[in-house]
Amino acid sequence: RKLDSLRAEFETVKFRHKDVEFTCSFSGGICQSSQVKNIDEFVEQADLALYRAKDRGRNQIVKSDDRD
């Protein structure tokens, strides 16, 4: 919830480069350490969750156990 709140707040920040104003968003994939056996699996599961977030339209946080 905290990461999703940060994501939503970040989306409202206005950036400026030269005369152009714009906003940014980000996606994230997260994994609980209790779901994996080692650090390599931890990173792999979080990375897979990140790609699911991107595939679902970006600008969202997806948990590794969220397979829908």
Side-chain angles (χ1 to χ4, degrees):
R1 288 183 287 197
K2 289 191 185 266
L3 188 54
D4 197 47
S5 175
L6 177 63
R7 180 206 53 78
E9 189 172 327
F10 180 74
E11 185 179 22
T12 68
V13 175
K14 303 243 188 286
F15 296 92
R16 179 174 287 286
H17 177 70
K18 297 185 181 180
D19 291 334
V20 178
E21 186 174 274
F22 60 95
T23 60
C24 296
S25 64
F26 70 89
S27 297
I30 59 174
C31 179
Q32 291 184 352
S33 59
S34 61
Q35 296 174 310
V36 295
K37 297 175 184 150
N38 57 52
I39 189 68
D40 292 330
E41 189 178 348
F42 182 85
V43 172
E44 178 184 357
Q45 291 301 312
D47 194 48
L48 289 170
L50 170 60
Y51 282 97
R52 281 197 301 281
K54 291 180 177 185
D55 288 343
R56 294 176 184 178
R58 300 178 180 238
N59 194 26
Q60 58 189 287
I61 306 301
V62 173
K63 298 187 301 182
S64 63
D65 60 357
D66 181 2
R67 306 281 181 187
D68 294 331

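All values below were derived from every heavy atom in this structure, side-chain atoms included, with hydrogens, water molecules and symmetry-related copies excluded. Predicted, not measured: the structure shown is a model, and the values here were computed from it. By convention here, the first residue in the shown sequence is residue 1.
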S27 and L50, any side-chain heavy atoms less than 4.5 Å apart: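 Side-chain contact under 4.5 Å: yes.
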Donor-acceptor under 3.5 Å (R7 side chain, G28 main chain): no
Any donor-acceptor N/O pair, Q60 side chain to R58 backbone, under 3.5 Å: yes
[X]: what forms a side chain to side chain donor-acceptor pair (under 3.5 Å) with it, not counting sequence neighbours?
| X | result |
| --- | --- |
| Q45 | R67 |
| S64 | Q35 |
| E11 | N59 |

[atom2] on [Y] to [atom1] on [X], rounded to 0.5 Å:
| X | Y | atom1 | atom2 | answer |
| --- | --- | --- | --- | --- |
| E44 | N38 | CD | CG | 9.0 Å |
| L6 | I61 | CG | CD1 | 8.0 Å |
| F22 | K14 | CZ | NZ | 11.5 Å |

Co-membership, hydrophobic cluster, residues L48 and V43, 4.5 Å side-chain: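 The answer is no; the residues belong to distinct hydrophobic clusters.
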Nearest non-hydrogen partners of I30 and L3, listed with the distance: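 It is CG2-CD2, 3.6 Å.
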Closest non-hydrogen atom pair, K18 against R16: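 Smallest heavy-atom distance, with atoms named: O-CG, 3.4 Å.
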Y51: hydrophobic cluster co-members (side-chain, 4.5 Å): none
Side chain to side chain contact (heavy atoms under 4.5 Å, CB included) partners for D55, two or more places apart: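 Expected list: none.
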Atom CD of E9: over 12 foreign heavy atoms under 6.0 Å: no
Residue list, ring pair (Phe, Tyr, Trp, His ring centres under 6.0 Å) with F10, at least two apart or on another chain: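 So F10 forms a ring pair (Phe, Tyr, Trp, His ring centres under 6.0 Å) with F15, F26.
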